[in-house]
Peer 1: 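This is the structure, below, for whatever I ask next.
Just so we're on the same page: letters track the sequence lines, and every chain starts at 1. None of these values were measured; they are calculated from a predicted model.
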There are 2 protein chains.
Amino acid sequence: MYELFFQNFNKKVPLTQEEEVYIKNYLLPKKLRKKQYLLQEGDVCKTIAFIEKGALREYSVDDSGNEHIIQFGLEGWVISDLYSFLTGEPATYNIDAIEEAELALISKSAHEELLLKLPKYETFTRLNITGAYLAMQRRLTSIISTSLEERYTYFTSLYPNIVQRVPQHMVASYMGLTPETLSRIRRRISSNK
Amino acid sequence: MYELFFQNFNKKVPLTQEEEVYIKNYLLPKKLRKKQYLLQEGDVCKTIAFIEKGALREYSVDDSGNEHIIQFGLEGWVISDLYSFLTGEPATYNIDAIEEAELALISKSAHEELLLKLPKYETFTRLNITGAYLAMQRRLTSIISTSLEERYTYFTSLYPNIVQRVPQHMVASYMGLTPETLSRIRRRISSNK
DNA sequence: ATAAAGCCTTGACTAAAATCAATGCTTTTT
DNA sequence: AAAAAGCATTGATTTTAGTCAAGGCTTTAT
């Protein structure tokens, strides 16, 4: 049920059997149907979600109703409106399933208790957020310093899974483009081969 | 000498006098002249720098020789090529001083030793990287979902210090724009008042 | 089986940013 | 004090992305 979660955990910080049992008490399973929300803006984000199976997206909606995807989440990834989760303020992001998904949730109280009682959990959390930071930094660097073609090529080589499972208009949103522009970029890339 | 560092630390995780003395053994003071490098691309980043005084910038240089600033650093901030620091691979970023600066450096071995020996240091590190992640997430969201005017207005309200101390062409680089475009945006904003 | 919705691409046109050049003021260097 | 460099702005032109509309294919719903 939480196979990928513990696989991921053990890769970063090896756990004893007892520690795994202990942590398992804090995990909550959740299934989402395609398009079902995990979080809607305005609600407080009360859990961190580890993705065992499926694909999710995290996005904001602007004043004109346009969706801006800031993150996809696939198997092995963590997804949450972290600011809302940590501060208790209403979420500014929405999170929903792009395809059917199975999650392992950790509530805020569980998170805080694990941080206090299990040093390995703090290390696991620090390593996770460090990895997320570095990925976002690469992405930001790509945005401000490379062409759209280079950015798309980089994205597809880094995340071939996402490109295959996610509609193109969502990839465009994630990149900050319109679907028409992404289509033209894809044509330019393929005609340059 | 490390006044701001400990002020910042104690705000996040209160330290005893003994713990402060213990940590102080691991800190290295460093002064930079204006334009002096802390890090050059190609070298391995061996320290994390905490800024006691002054201003720095972290940037990459593309194939055409254009500089792309991904981060400024002022008093109280942390700056590093974190990927290089953690992996030992050559840095892809440069870091230099925009104005004269005083830093508190932590080497990789000191960092690792403190993580192992002082749980409060791990908490301090986790909170720092979490804050950095959230700041970058807001910035990314701003980039992919708002206009250039909104982004500049947001940036100047969030970081009035930076705008006052840093040349406009560097702000333009940080935003992923040309200096001419930034100048026109500033004119549009001021004429809309 | 058929209708509706979703998705993707393309064309034509508009808007915004980049490029290039020039000017002028301020700061730094000699 | 004078020259050089740095910085910022503006104009004209080019390039790139966005907008709007349309067409066609695939998937989903009835």
Peer 1: Consider side chain to side chain contact (heavy atoms under 4.5 Å, CB included). Of B:Glu67, B:Glu41, B:Gln71, which one does B:Tyr59 pass it with?
Peer 2: B:Glu67
Peer 1: Does B:His68 have any ring-ring contact (aromatic ring centres under 6.0 Å, His included) partners at least two apart in sequence or in another chain, and if so, which?
Peer 2: none
Peer 1: Given axes from five pairs at either end, by how many degrees does the helix from C:dA1-D:dT30 to C:dT30-D:dA1 bend, rounded to 10°?
Peer 2: 50°
Peer 1: Only counting residues at least two apart or in another chain, list the ones meeting ring-ring contact (aromatic ring centres under 6.0 Å, His included) with A:Tyr93.
Peer 2: none
Peer 1: Nearest 0.5 angstrom please: B:Arg138 CZ to B:Ile143 CD1, how far?
Peer 2: 13.0 Å
Peer 1: Sequence neighbours excluded and cut-off under 3.5 Å, please list the side-chain donor-acceptor pairs for residues 125-132 of chain B, or say none.
Peer 2:
residue: B:Thr125; atom: OG1; partner: B:Tyr121; partner atom: O; Å: 2.9
residue: B:Arg126; atom: NE; partner: A:Glu122; partner atom: OE2; Å: 2.6
residue: B:Arg126; atom: NH2; partner: A:Glu122; partner atom: OE2; Å: 3.1
residue: B:Asn128; atom: OD1; partner: B:Lys12; partner atom: NZ; Å: 3.2
residue: B:Asn128; atom: ND2; partner: B:Phe124; partner atom: O; Å: 3.4
residue: B:Thr130; atom: OG1; partner: B:Arg126; partner atom: O; Å: 2.6

Peer 1: Could you state the CD1-P distance from B:Ile143 to D:dA17, rounded to the nearest angstrom?
Peer 2: 16 Å
Peer 1: Would you call B:Glu58 and A:Gln137 a side-chain contact if the rule is heavy atoms closer than 4.5 Å?
Peer 2: yes
Peer 1: Please produce a list of atom pairs where a protein N or O lies less than 3.5 Å from an N or O of nucleotides 22-25 of chain D.
Peer 2:
none

Peer 1: Going by heavy atoms in the side chains, are A:Phe50 and A:Glu102 under 4.5 Å from each other?
Peer 2: no
Peer 1: Ring-plane angle category for A:Phe155 and A:Tyr152, please: parallel below 30°, perpendicular beyond 60°, tilted otherwise.
Peer 2: tilted
Peer 1: Please round to the nearest 0.5 Å and tell me the distance separating atom CD1 of B:Ile162 and atom OG1 of B:Thr156.
Peer 2: 11.0 Å
Peer 1: Begin from the C-alpha positions of B:Phe5 and B:Trp77 and carry the test ring pair (Phe, Tyr, Trp, His ring centres under 6.0 Å) through to its verdict.
Peer 2: CA-CA 9 Å; B:Phe5 176 87; B:Trp77 296 26; over 10 Å; no
Peer 1: Counting only heavy atoms and a strict 4.0 angstrom limit, can you tell me which residues of residues 59-70 of chain A come near DNA chain C?
Peer 2: none
Peer 1: Is B:Asp96 salt-bridged to B:Lys35, cutoff N-O under 4.0 Å?
Peer 2: no
Peer 1: Could you pull out all residues at least two apart from A:Asn161 that satisfy side-chain contact (heavy atoms from CB on, under 4.5 Å)?
Peer 2: A:Leu74
Peer 1: Could you grab the distance from atom CD of A:Glu113 to atom CG of A:Leu115, nearest 0.5 Å is fine?
Peer 2: 10.5 Å
Peer 1: Within 45 degrees of the ring normal and closer than 6.0 Å to the centroid, is that where the cationic atom of A:Arg151 sits relative to A:Tyr154?
Peer 2: no
Peer 1: Taking only nitrogen or oxygen atoms into account, show me every contact under 3.5 Å that the protein makes with nucleotides 24-30 of chain C, one pair per line with its distance.
Peer 2:
none

Peer 1: Tabulate protein N/O versus nucleotide N/O from nucleotides 5-9 of chain C, keeping only pairs under 3.5 Å, one per line.
Peer 2:
residue: C:dC7; atom: OP2; partner: A:His169; partner atom: NE2; Å: 3.2
residue: C:dC8; atom: OP1; partner: A:Gln168; partner atom: N; Å: 2.9
residue: C:dC8; atom: OP2; partner: A:Gln168; partner atom: N; Å: 2.9
residue: C:dC8; atom: OP2; partner: A:His169; partner atom: N; Å: 3.2
residue: C:dT9; atom: OP1; partner: A:Arg186; partner atom: NH2; Å: 3.2
residue: C:dT9; atom: OP2; partner: A:Ser183; partner atom: OG; Å: 3.0
residue: C:dT9; atom: O5'; partner: A:Ser183; partner atom: OG; Å: 2.9

Peer 1: Show me the pairs that pass salt bridge (charged side-chain N to carboxylate O under 4.0 Å, His left out) and involve residues 68-82 of chain A, at least two apart or across chains.
Peer 2: A:Glu75-A:Arg165
Peer 1: Return the set of residues passing ring-ring contact (aromatic ring centres under 6.0 Å, His included) with A:Tyr2 (not counting sequence neighbours), or none when no residue passes.
Peer 2: none
Peer 1: Return the polar atom pairs (N/O with N/O) between nucleotides 13-17 of chain C and the protein under 3.5 Å, or none.
Peer 2:
residue: C:dA17; atom: OP2; partner: B:Arg188; partner atom: NH2; Å: 3.3

Peer 1: Side-chain donor-acceptor pair under 3.5 Å between B:Glu150 and B:Thr153, yes or no?
Peer 2: no
